[in-house]
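Convention: sequence-line order gives letters A, B, ...; per-chain numbering from 1.
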2 protein chains.
Amino acid sequence: MINSMEATARILKALGDETRLRILALPKDGELCVCDLMATLSLPQSTASRHLAYLRNSGWVSGTRKGKWMYYRFITDTTFTGSGLGEEILCYLSTLEQAPKDQESLRDYLLTKDKETCAATK
Amino acid sequence: MINSMEATARILKALGDETRLRILALPKDGELCVCDLMATLSLPQSTASRHLAYLRNSGWVSGTRKGKWMYYRFITDTTFTGSGLGEEILCYLSTLEQAPKDQESLRDYLLTKDKETCAATK
DNA sequence: TGTCAGTATCCGCATAGACAGATATGATAA
DNA sequence: TTATCATATCTGTCTATGCGGATACTGACA
């Protein structure tokens, strides 16, 4: 369990980007795939995928392949060596202005999403 | 009072650097000047000054001129719109490996520091 | 006014990171 | 095996940022 300044800086560096904050402010129950982000935040596929990769590499999300889909879930309970700080940060993010709009956008999208295909791909 | 994603990203972006984390993990009672950082963290003058400027611009410290000296104090109680998250982050930083060493280094330096001059300048 | 001390900023260099379209890769169905 | 779908990665472009030495700026004092 590494609690170094360098590791902490890498984790926090992931948060220095507005798009990634918006991702982390989405509801954390369940999992999101790339197409969910594309639709919810109006992101091109490569941008969505890249941000998820960054979050994965810095320990904020974990990826699970399910068939053609790659699902990402938040692992903030272990981020920052399990101190709870990750959850605190997410809690704060959800109080920000843009968060409710994004969350509603995600809910709307999930209601209409075709279960067999990702409706937002490319 | 702005609690936008963009403003939050700017505040958090300041934390994506190890040196700045080390600065923020120093004791927050009292104030630090550039030469304190130079001595404590073995930084060149320009580097110390630049990091403090970055922290000032992102709302982590406030600068006060006292004669020839520029003293910086932490204003984490107001960072993140006064939510307390700034303090939480600082609390976490002080649990990291490097923090006690830096804190001790600062204490040692302050004991020997000449009050009339900054002993570490350039 | 010139000098010194403390500090902010510039400068050049190198690296990282944001972006989106293009392309490669992985999974699945026919 | 090929085609389709979903996603990761590459590519080129641009911007940001870290670094430290050099230089400019600020304040104090003789």
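When the side-chain nitrogen and oxygen atoms of B:Ser49 are compared with OP1 and OP2 of C:dT7, none of them lie within a distance under 4.0 Å. Between B:Thr47 and D:dG20 there is a side-chain polar atom (N or O) within less than 4.0 angstrom of OP1 or OP2. Contact annotation: B:Thr19 side-chain N/O to D:dC19 OP1/OP2 distance is under 4.0 Å.
The nearest whole Å value for the distance from the CG atom in A:Leu12 to the C1' atom in D:dT17 is 17 Å. In this structure, the OH atom of B:Tyr54 is 10 Å from the C1' atom of D:dG18, given to the nearest Å. Separating the CG atom of A:Leu37 from the P atom of C:dA20 is a distance of 14 Å, rounded to the nearest angstrom. When rounded to the nearest whole Å, the span between CG of A:Asn57 and P of C:dA18 equals 12 Å. Atom CH2 in A:Trp69 sits roughly 17 Å away from atom P in D:dT4 (whole-Å rounding). Atom P of nucleotide D:dA16 and atom CD of A:Glu18 are separated by 15 Å, given to the nearest angstrom. Separating the CG atom of A:Leu52 from the P atom of D:dT9 is a distance of 12 Å, rounded to the nearest angstrom. In this structure, CG of B:Leu55 is placed 12 Å from P of C:dA8, rounded to the nearest angstrom.
For B:Arg20 and B:Tyr54, the positive end sits near the middle of the six-membered ring, less than 6.0 Å away and at most 45° from its axis.
Between the side chain of A:Ser105 and the backbone N or O of A:Lys101 there is no donor-acceptor pair closer than 3.5 Å. Side-chain atoms of B:Trp60 do not come within 3.5 Å of backbone N or O of B:Ala14 as any donor-acceptor pair.
Closest to the side chain of A:His51, from the set D:dG20, C:dA8, C:dC19, is C:dC19. The A:Lys68 side chain lies nearest to D:dA6 when the options are C:dG21, D:dG20, D:dA6. With D:dG18, D:dG20, C:dA8 as the candidates, the nucleotide lying closest to the side chain of B:Tyr72 is C:dA8.
Across all strands shown, B:Arg65 has heavy atoms under 4.0 Å from sugar-phosphate atoms exclusively, and none from any base. No engagement by A:Arg10 is indicated, since no non-hydrogen atom pair under 4.0 Å with the nucleic acid exists. Counting non-hydrogen atoms under 4.0 angstrom, A:Lys13 reaches the backbone sugars and phosphates but no base.
For the pair B:Arg50 and A:Leu43, both in contact range of DNA chain C, the more 5′-proximal nearest nucleotide belongs to B:Arg50.
A donor-acceptor contact closer than 3.5 angstrom is absent between the side chains of B:Thr64 and B:Tyr72.
Between A:Arg22 and A:Glu18 no salt bridge is recorded (no basic side-chain N to carboxylate O distance below 4.0 Å).
One donor-acceptor pair, N or O on each side, does fall under 3.5 Å between the base of D:dA8 and the side chain of A:Gln45.
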